[in-house]
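Notes to accompany the following structure.
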Amino acid sequence: MAAVEAGQVPATSVPEDAARDATEAVGAGPEAPLLPAGNRLSLHLYPGGCRRLLRLCAQQAPQLLEVDFLQLSGHEDPQLLEASLARLPWSLPHLRSLVLKGGQRRDTLGACLRGSLTTLPTSLSGLAHLAHLDLSFNSLETLPACVPQMCGLDALLLSRNCLSELPAALGALPSLTFLAVTHNRLRTLPPALGALSSLQRLDLSGNLLEALPAEIGGLGSLAELNLASNRLQSLPGSFAGLRALRLCILHSNLLASVPASLARLPLLTRLDLRDNQLRDVPPELLDAPFVRLQGNPLGRPPPDPPSPPGTPMVPEMPRLLLTSDLDSFAVTPQGCSVTLACGVRLQFPAGATAAPVTVRYRQWLPEPRLVPLGPHDALLSSVLELQPHGVAFQQARLGWAKRGRGPQRGGPSVALALMSPLAWQEVGLWLLFVPPRARRCREVVVRTLSDSSWSDLETHLEEEAPQAGVARAVWEGPALLRPAGPDRVLPRQRLWAHCQVPHFSWFLVVSRPVSDACLVPPEGALLCSSGHAGVRVTFPAGATEEPRHVRMQVVHVGRRELPALLGEPEAAASPLLCLSQSGPSSFLRPVTVQLPLPPGVTGLSLDRSRLYLLHRAASAATWDDITAQVALELTHLYARFQVTRFSWSVPPPPQPPPPHPLACRPPHPRLLRYWLWYTTKTCVGGLARKAWERLRLHRVNLIALQRRRDPEQVLLQCLPRNKVDATLRRLLERYRGPEPSDTVEMFEGEKFFAAFERGIDIDADRPDCVEGRVCFVFYSHLKNLKEVYVTTALDRRARAVRGQVSFYRGEVPEVVPEEAEAARQKRGTAALWMATLPIKLPRLRGCEGPARGAGLSLAPLNLGDAETGFLTQSNLLNVARRLGPDWPAVALHLGLPYRELQRIRHEFRDDLDGQICHMLFSWAERQAGQPGAVGRLVQALEQSDRRDVAEEVRAVLELGRHKYQEGLRHTSLAPRNLASPDRSPSPSPEPAQT
């Protein structure tokens, strides 16, 4: 005890090797150790934090006596870590919070690594004031013996370790109010856990618990209980004793029943029972508003009776629920059910993989190279990538049950995937998608990349009602979209597209015209359209020698739609028939095609001179009139004709292989179309081409709004015409701006650009910018929205800047029109210009600067030098927008004291943007003229686990260096070009003069 009071460490308290390392650590390095800021000492942010702590302890710094918060990294050298921890009771006697977390480092795949901590020195039990202990993300297999002896402990965090059990001595912590042991390997709980009378929050999610001890009902103070993602099959009756319980989370277990007494807990506000095996629940819970029951087989019949004795038992499948910070998960031969943070679900049956496999996923924003669409397809989801690519799942083994599939309607035959020893199972994928607006004669399919070409998988839809919360199949068979009826999909319901996947690749959900397919054998076949009963193709016997696949799609044309599109009241057309096939284009015997006559026309009253049969091959740009080449047989309702080949033109030469792995063949590339027209026009081919294009166009409006509290933030969006009013009503509380543009027409997947003009420019280099213009890709069912920050080189102190943003099609025009009135003369589908909307940056009053946030003065600032690259004010603003809640860690790595962070938090306590900008720009102003400032910023971002922002900064620096070198070469070769106002070299690295 005398040694403790004297501030010295007993020689026996530190192992010999650790003591030697501590001595070496104290003498290593000429730099002075970091002194604590106030009562906090955060050494996990610095490399060699244990060495710094050992230096402070060796110097007996008086500031250590005031420290009550200490954080070290779990990735330190184990011996140094043990030596540092052993000194804490004597060097930091008033310590109240100790954080020893791992997870700051990542492996090559980006997954967080566990820390090296496996135990704690027994001397830590001498920390009499310790109330908070965080040992998360380490390698603990057993709870250190000193932890149950910390009688004053209030919060204990043991998440993401390797614990298989908890000791009974844990129940001897009388002051413990919070216990978190998530994502470990716990199979049972000690009965002594019920002795924690002060425990208020208990989190045991992500373990292997199969049952709970009855003593858990003794936790009379427990308010929050999380047992999600375990293997619980029932709950003890003692749950009724948890009278203080407010939140109870039990989702993703194997619960087959729950006690009715849960509904009588007086303070319960939420009971989460999602994704269990509940087929029936007590009426009290079924009607309770605080109960969530989605994902349960409510109302379904019970499973089949158990197998006879001797039948091998299939183990229960683990369930994983990934959070947003995880992009990978492990699949073992046991199989698992996975729910990704984006809502996508995957199910791997037992035997899917012969060995454990790490699966990575990523969601991509849609763009043309990732989204192969047909002429009448619509994209309904983002693009999901699953890695490793091309890895096939386990195939069937000899002697196991096996069932095959023939050709599927709505998609090609899917490769057989997995089998368990008892039944054939496949790897399932559920993708969330946006319900399509057009539903008649259309279906939803999952499209995937397979063998260098895109193909459609057999897809079924499942819905989840917002109230009942029970997922069910919308209808059996292909995922048809019915326009009305009791099974109509409601807009607020969540929809999944369910399919079986043979291997990992890219996946997306599209809406397409109903597709019907058949295998035509030499004996002949009849192919009928499921969307339009009058469309059929008859293949006689002997039409082909070898079986070939034929696919049919029918595009419905409304009776009033075509005259409105063309302005021709007398024009009428039948449904558009699209055919594709495998094998040679010719048939040995004529094939009979039947099409319904155009609306309002019958075979008894029509004028045959006004009836035209048009054909268009996949590679052709025009519609060919083939009326004279076929013999049309007319009935009262239908027209029939015979063809011996589906192609009426010479097939195009083979194309070179695509340069990009995703630029592969679209689905059904050999698509041939037949269209029956009835019109008085002689140029029917041009009329059909016009209708063909307009049927694929979407009528949209463009908007440009500025945020009310920050006019430099501009929202750009392309909206379908019927959604403009509702969207503006929602946005005008925070934004203001001009009226939407006139209605324009756009194709699905069409590129367009937004260009800021008349003195207004984009504030930062963006990856979606081409020559200073923001690039968009229009998808009718997705949000075509971007928010950008703008700036100006004009003096806003004198007057406001009145600029504009113009929208252009396809490619960036070389000459931007100066006047919107002149540009309006270019209106039309083929014109590049679409719309121009005004943008106004208000006049700056007084000493107000262009910065956001109170008390900030963001004068023109260039951080860095010409050789290593500059970061301008706009670059730093872009960095600030990306930091978010991670800014305190970046600030500490930049060397800002903790007291300054507290001052910034207080000064901008209601403004996160103000906190970030004030921190970053005040640091940048102090670094002006100092070498290596940009390098320190990049290093601080990396040490704060913001490598994404660090990579962006490196890209900006590389771009700046490239422009600087180009400017030097340009200046040395052609100095007279410097005077040109239109073509200037790269911007000068010197700060702008004011």
Side-chain angles (χ1 to χ4, degrees), residues 702-717 731-732 734-741 753-766 768-776 785-808 812-813 815-824 833-854 856-862 872-878 880-881 913-914 917 921 980-984 986-988 990-994:
L702 302 161
I703 63 174
L705 303 176
Q706 294 175 264
R707 186 177 286 271
R708 293 181 181 272
R709 67 180 180 89
D710 184 5
E712 297 176 6
Q713 185 177 356
V714 181
L715 180 146
L716 306 173
Q717 190 171 9
L731 291 177
L732 286 181
R734 296 172 293 147
Y735 295 86
R736 60 186 173 189
E739 292 293 323
S741 71
F753 297 85
F756 291 93
E757 303 159 1
R758 289 187 172 182
I760 295 182
D761 300 304
I762 299 175
D763 194 18
D765 291 328
R766 296 168 55 102
D768 56 357
C769 283
V770 178
E771 298 183 7
R773 292 156 173 82
V774 184
C775 176
F776 289 79
L785 179 148
K786 292 186 180 181
E787 289 195 76
V788 299
Y789 284 88
V790 297
T791 186
T792 180
L794 303 178
D795 187 8
R796 291 173 56 190
R797 295 181 178 86
R799 62 178 182 273
V801 178
R802 299 180 182 274
Q804 64 187 26
V805 57
S806 296
F807 296 88
Y808 301 91
V812 179
V815 179
V816 176
E818 296 183 358
E819 300 292 338
E821 291 75 11
R824 292 183 195 276
W833 179 86
M834 292 191 296
T836 296
L837 299 173
I839 297 292
K840 177 183 176 181
L841 294 180
R843 176 185 175 187
L844 299 178
R845 303 185 182 276
C847 59
E848 183 184 354
R852 298 175 295 134
L856 282 177
S857 177
L858 305 184
L861 172 67
N862 278 359
T872 64
Q873 169 187 310
S874 61
N875 299 142
L876 289 176
L877 276 172
N878 193 37
R881 295 177 196 126
D913 291 341
C917 289
F921 278 88
S980 174
D982 298 327
R983 293 284 185 180
S984 62
S986 59
S988 171
E990 296 298 328
Q993 300 298 323
T994 59

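All values derive from a computational prediction rather than experimental measurement. Numbering of residues begins at 1 and proceeds along the displayed sequence.
Once rounded to the nearest 0.5 Å, the distance linking CD of Gln717 with CG of Leu731 reads 6.5 Å. Distance check, rounded to the nearest 0.5 Å: CZ of Phe756 to CD1 of Ile762 gives 6.0 Å. If you take CZ on Phe753 and OH on Tyr808, they are separated by 12.0 Å, rounding to the nearest 0.5 Å.
For Leu794, the side-chain contact (heavy atoms from CB on, under 4.5 Å) criterion is met by Thr792, Val801, not counting sequence neighbours.
A donor-acceptor distance shorter than 3.5 angstrom exists from the side chain of Lys786 to the backbone of Cys775, with no hydrogens or angles considered. For the pair Arg843 (side chain) and Arg797 (backbone), a donor-acceptor distance under 3.5 Å is present.
The shortest heavy-atom contact between Ala704 and Val805 is CB-CG1, 3.8 Å. Shown here for Leu837 and Glu739, the closest heavy-atom pair between the two residues is CD2-O, 3.6 Å. Residue Phe807 comes nearest to Ile703 through the heavy atom pair CZ-O, 4.2 Å, listed as atom of the first residue, atom of the second, then distance.
In this structure, Leu715 and Tyr735 have side chains that are in contact, with non-hydrogen atoms separated by less than 4.5 Å. Using a 4.5 Å heavy-atom cutoff, the side chains of Leu716 and Leu785 are not in contact. At least one side-chain heavy atom of Ile839 sits less than 4.5 Å from a side-chain heavy atom of Gln706. A 4.5 Å side-chain heavy-atom check between Val790 and Asp761 finds every atom pair outside the cut-off. For the pair Met834 and Leu702, the minimum side-chain heavy-atom distance is below 4.5 Å.
Atom CZ of Arg708 has more than 12 heavy atoms from other residues, nucleotides or ligands within 6.0 Å.
Using modelled atom types, one finds a donor on one side chain and an acceptor on the other under 3.5 Å when comparing Glu787 with Gln713. Counted by atom type alone, Glu757 and Ser806 present one or more donor-acceptor pairs between their side chains at under 3.5 Å.
A salt bridge links Arg796 to Glu712: one of the charged nitrogens lies within less than 4.0 Å of a carboxylate oxygen.
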>> Please determine whether side-chain contact (heavy atoms from CB on, under 4.5 Å) holds for the pair Arg707 and Arg734, giving the CA-CA distance in whole Å, both sets of side-chain angles, and the decisive distance to 0.1 Å.
In response: CA-CA 6 Å; Arg707 186 177 286 271; Arg734 296 172 293 147; 4.3 Å; yes

> Between Tyr789 and Val714, is a side-chain contact (heavy atoms from CB on, under 4.5 Å) present by the stated rule, with each step listed?
Replying inline: CA-CA 6 Å; Tyr789 284 88; Val714 181; over 6 Å; no

